[in-house]
Structure formats: structure tokens, C-alpha cells
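Just so you know, ligand 1 is whichever comes first in the structure, and atom 1 is the first atom listed for that ligand.
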Amino acid sequence: MSPGVRRDDESRKPLLDLSIKPSSIVAHLDDFVIGQPEAKKVLSVAVYSHYRKIAQARESAVEIAKSNVLLIGPSGTGKTLMCETLARLIKVPFVTADATSLAQTRYVNEEIDAILLRLVDKADGDLTRAQAGIVFIDEVDKLKAPQGQPRTISGESVQHALLKIMEGSPVKLAAGQYLDTTNILFICGGAFVGLDAIMSKTHGYGFISTNDTENQNILDRLNTRVKPTDLFEFGLIPEFTGRLPIVAKFQELTRPMLVRILVEPKNSIYNQFREIFSNEGVELEIERRVFEQIAEIAYEYKTGARSLRGIFEEMITPILYIVPDQPDLKKVVIKSLFTDPTLIRT
Ligand SMILES: Nc1ncnc2c1ncn2[C@@H]1O[C@H](COP(=O)(O)OP(=O)(O)O)[C@@H](O)[C@H]1O
Ligand SMILES: [Mg+2]
């Protein structure tokens, strides 16, 4: 039997371990993603409800209304990382794609088919698993053609093409099989630069303002809620935003958060390099001040956590170069980005 034509005998198995609760999803995310508590909550509940609904729909004949998710936030703040981490936890296949590259091809439907094919690949050819996967589509905020710059295909056509699979439809794959997208969770992402300004213009909840803290909290919540109309300025059409009823906002990373990202996640850059050094029989110790210096530089680059690794590697490469030549080296201590490391030998 070739992959993909595997029979549906596994389809009764719950897709999501139903003992996984939103709170345990958040706890798991905390091991890998620093900060973004609101987004973690929203996404965890969305994913939990999504897979619950699928399980229930299999039991009853109730049609599920799918709630896809929109992630809004600056680049490099953990949107992709959070989705990836989530997919790994609940063991569903996960792929990412850029809406902007869909807008640069004349064959948008073929491109979309290719995305779904990648999802099937990630599921090792298992259609059932692919049909419960997660597709992350980034840069949906950049579908509007810049002034005077013609697009191969309009942002609206891209959205219409995406809508088809987001709403759920059978898609014929190259191998002749059909992939049903009904239960695939679509997560869209975008930076939506300038959204705050748009929101402060269009949100008129201020007039019910009172001194009462609780009312103020409700007011704050209303005022931070993104309305579909706020997204129209980014070229999103109402049908498209209507398919993304769940919105999670990612915050800009602060310097202390950048420091934490270097050190705290289970697979943090620091941990990875301590492992590399340890494999050479050398202990690596980096003082906190160094991470603060790296965070400071990365912060200036305004690319979220993206530049952390590059800066770190620039610092560590000259040391990694000499380590294998020095069998008596026991420990490396780095005290500052701007001074030579201390080499401790046996
Ligand atoms: N909140 C975060 N916690 C931990 N690491 C992060 C965080 N945000 C970004 N990173 C790091 O930066 C890289 C780029 O982040 P990514 O999730 O791709 O950003 P986005 O999708 O928001 O543009 C990730 O691979 C990860 O190493
Ligand atoms: Mg991303």
C-alpha cells in the first residue's frame, strides 16, 4: 500500500489526548515561549475547543463551525514558535506559508495545493492526520499591493483562494487523493503595523468611562479588542476576517524578555551552546551581564528575538574555533561581550 491510501481504521482514535486542558497547554508553552501570556491563553483555548469539536462531531452529526485564529504582533515575538510548539505538544502535523508569496505567483491554487501536500508529508502520508493538522499562514497583513506596484495576483484573489480551504473543502492532491480541509485549523499571522493607531481612531468606547476599576477593566478589554473593520485598511476583505473570529495579540519583546529568551527556554541558545561545549568536555559559563549586552543590541535591531542567535554566534564562534585545539581546556567564562573570555585549564 502506498502512503496516503492507508485506510481510515485509526480515525476513531481521539486526535487530541482529551486529558490535555488549556491550562496544561499553557504550562507546556511556558517551557519554550517567553511571555505573551494573553496570546498563550487565547491560542490554548482555541486549540482545545477546536479538537474537542472535532471529537464531538464524530460522535454526533452536529456540524462544527470552525474558528480559525488570527495572531497579531510584531515580527520575531514568537507567533510561529508558539504554533510550532503547540503542534508538537498535541502531535498534529504543522506547516507554515507566507501569504505574500501566494500573491507573487500566478498559480495561487497550485501553491495552496502545495502547502496542503507539505502537510500530508509532515503527517508521513497519513491523510487522516493531515486532515487534523495546523496550517500557519503568515504575513496576511501585507496582501495589499504597495502604491503603484502591481501584483501578479490581487490580495483579494489570494484571500478568496484561502477562504475556500479555510471554510473546508475537498482538495484534490497531485496523487489523485482528496484532502478534506474541514478540520484543519488555520492560523493566520501578521504584524499589522499601525493597527494601534487605527484602533484608537475607530474605537469609541471611551464615553462610558467611569472611575470604577471593574468598569475600567471591561473598557480596556473592549478597547484592545480588534474589530474586523480595523483590518480592512490592511487589505483584508470582510469574508476573510469573518473567518478569523479568534484574535490573539503578541506584545513587543522587552529587553528583560530578550534576556530570558537567551537563557530560560528548555532549548534556549545558552543551553544549546552549553551542550555543544560539554560535548567537547568544556564547561561554558556566561555571566548575566553578557546576555543583557546581547539583548541591548538585539533590541536596537527591532526584529524581536530574531537577531539574538546571530549576535550570540558572533561572540561564541572565535571561542569554538580554538576549543578543539586545547585538550587541557576545562572551562570558558565569558564576563562581557567586549572582553576576552577567561580560559580555565586543568
Ligand atoms: N516569546 C518568545 N519566547 C522564546 N523565543 C522567542 C520568542 N519570540 C521569538 N523567539 C525566538 O525568535 C525566533 C523567531 O520567532 P518567531 O516565532 O518566528 O517570530 P514571529 O513568527 O512572531 O515573527 C524563534 O525561533 C525563537 O527562537
Ligand atoms: Mg513567523
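The backbone N or O of E283 sits nowhere less than 3.5 Å from a side-chain atom of K331 that would complete a donor-acceptor pair.
When heavy-atom distances to ligand 1 are checked against a 4.0 Å cut-off, T77 comes that close through both its backbone and its side chain. The proximity of F250 to ligand 1, defined as any non-hydrogen pair under 4.0 Å, does not occur for either the backbone or the side chain.
One side chain, Q293 or S336, offers a donor N or O that lies under 3.5 Å from an acceptor on the other. When only modelled atom types and interatomic distance are considered, D180 and T182 share a side-chain donor-acceptor pair under 3.5 Å.
At a 3.5 angstrom cut-off on N or O pairs, G78 counts as close to ligand 1. Considering backbone and side-chain N/O of I261, none are found under 3.5 Å from N/O of ligand 1. Taking distance alone, with nitrogen or oxygen atoms compared against 3.5 Å, L253 stays at or beyond that limit from ligand 1. Residue-to-ligand polar distances place K79 within reach of ligand 1: an N/O pair is separated by less than 3.5 Å. Inclusion of D138 in the set of residues having an N or O under 3.5 Å from an N or O of ligand 1 is not warranted. For the pair P265 and ligand 1, the shortest N or O to N or O distance does not fall below 3.5 Å.
The two residues L86 and L29 make their nearest non-hydrogen contact at N-CD2, 4.1 Å.
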Between R52 and I54, is the side chain to side chain contact (heavy atoms under 4.5 Å, CB included) condition met? List the steps.
CA-CA 5 Å; R52 277 256 147 162; I54 296 179; over 6 Å; no
inquiry  = Assess the residue pair F312 and Y270 against the criterion (ring-ring contact (aromatic ring centres under 6.0 Å, His included)); give the C-alpha distance rounded to whole Å, side-chain angles, the decisive distance to 0.1 Å, and a yes or no.
reply    = CA-CA 9 Å; F312 188 97; Y270 187 28; 7.2 Å; no
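Atoms of ligand 1 found under 4.0 Å from any heavy atom of F32 (numbered from 1 in listed order, with element): 4 (C). Near I34, meaning under 4.0 Å from any of its heavy atoms, are these atoms of ligand 1: 1 (N), 2 (C), 3 (N), 4 (C). Below 4.0 Å from some heavy atom of V33 lie the following atoms of ligand 1, by number and element: 1 (N), 2 (C), 3 (N).
Looking at atom 21 (O) of ligand 1, its nearest protein heavy atom turns out to be T80 OG1, 2.6 Å. Of all protein heavy atoms, the one closest to atom 11 (C) of ligand 1 is A305 CB, 3.5 Å. Among all non-hydrogen protein atoms, the one lying nearest atom 9 (C) of ligand 1 is G76 O, 3.2 Å. Protein heavy atom nearest atom 13 (C) of ligand 1, with residue, atom name and distance: R306 CG, 4.5 Å. Closest protein heavy atom to atom 25 (O) of ligand 1: L81 CD1, 4.7 Å.
Between R243 and E239, no side-chain nitrogen of the basic residue sits less than 4.0 Å from a carboxylate oxygen of the acidic one, so the salt-bridge criterion is not met. Between K266 and D30, no side-chain nitrogen of the basic residue sits less than 4.0 Å from a carboxylate oxygen of the acidic one, so the salt-bridge criterion is not met. Using a 4.0 Å cut-off between a side-chain N of Lys or Arg and a carboxylate O of Asp or Glu, E292 and R255 do not qualify as a salt bridge.
Partners of T346 by side chain to side chain contact (heavy atoms under 4.5 Å, CB included), not counting sequence neighbours, listed by chain and number: D328, K330.
For the Mg ion (ligand 2), the N/O/S atoms of S75 include none lying under 2.8 Å.
Within the structure, ligand 1 lacks G304 among the residues with a heavy atom less than 4.0 angstrom away. Between S75 and ligand 1 there is a heavy-atom distance shorter than 4.0 Å.
To the nearest 0.5 angstrom, L320 atom CG is 10.0 Å from M315 atom CE.
Each side-chain hydrogen bond (donor to acceptor under 3.5 Å, both in side chains) pair with one or both residues in residues 304-320, not counting sequence neighbours, appears once here: Q272-R309, T303-S307, R309-E313.
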